[in-house]
Asks: 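My questions all concern the structure below.
FYI, the numbering just counts along the sequence from 1. Values below: all heavy atoms of this structure, side chains included; hydrogens, waters and symmetry mates excluded.
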Amino acid sequence: MSKYKRCPTCGHEASGGIFGGVYIKLHKCNKNGHIFCNECKNGDRCPLCGSDDIWWNYDEAYRDKN
């Protein structure tokens with residue numbers, strides 16, 4: 001299971017779903033290691049450094065059920 005409950009860059013959290021299992025896809029900049037979601041991405045570039053060398057399906061941040 002992912003260590004992430006939300007996007008570490010913008011704080012966006014997965015929402016919706018009655019029984020959990022709701023997640024957001026996280027991406028990773030291969031150049032500088034930044035992790036971000038679709039909400040904060042800069043087109044097809046890293047929102048923090050602008051690199052286009054991206055790992056697009058790096059991890060999934062699951063909603064905290066508590």
Asks: Could you walk me through whether F36 and I54 pass the side chain to side chain contact (heavy atoms under 4.5 Å, CB included) test, one step at a time?
Replies: CA-CA 10 Å; F36 57 94; I54 304 298; 3.7 Å; yes
Asks: What heavy-atom pair brings G50 and R45 nearest, and what distance separates the two atoms?
Replies: O-NH1, 2.8 Å
Asks: Can you list, by chain and residue number, the hydrophobic cluster partners of Y58 when the side-chain cut-off is 4.5 Å?
Replies: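 Besides Y58, the cluster holds Y4, I24, L26, I35, W55.
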Asks: If every non-hydrogen atom of E13 is compared with every non-hydrogen atom of K5, which pair is closest and at what distance?
Replies: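 In terms of heavy atoms, the two residues are closest at CG-O, 4.3 Å.
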Asks: Apply the side-chain contact (heavy atoms from CB on, under 4.5 Å) test between T9 and each candidate in C40, C37, C29; give the one that qualifies.
Replies: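 Among the candidates, only C40 passes.
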Asks: So, taking the atom named OG in S2 and the one named CD in E60, what distance separates them when rounded to the nearest 0.5 Å?
Replies: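 Nearest 0.5 Å value for the OG-CD distance: 8.0 Å.
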Asks: Would you say the side chain of C46 lies within less than 4.5 Å of the side chain of N32, judging by non-hydrogen atoms?
Replies: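 Not in contact.
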Asks: Do we see a donor-acceptor contact under 3.5 Å between the side chains of H27 and N38?
Replies: yes
Asks: Where does the angle between the aromatic ring planes of Y23 and Y62 fall among parallel (under 30°), tilted (30 to 60°) and perpendicular (over 60°)?
Replies: tilted
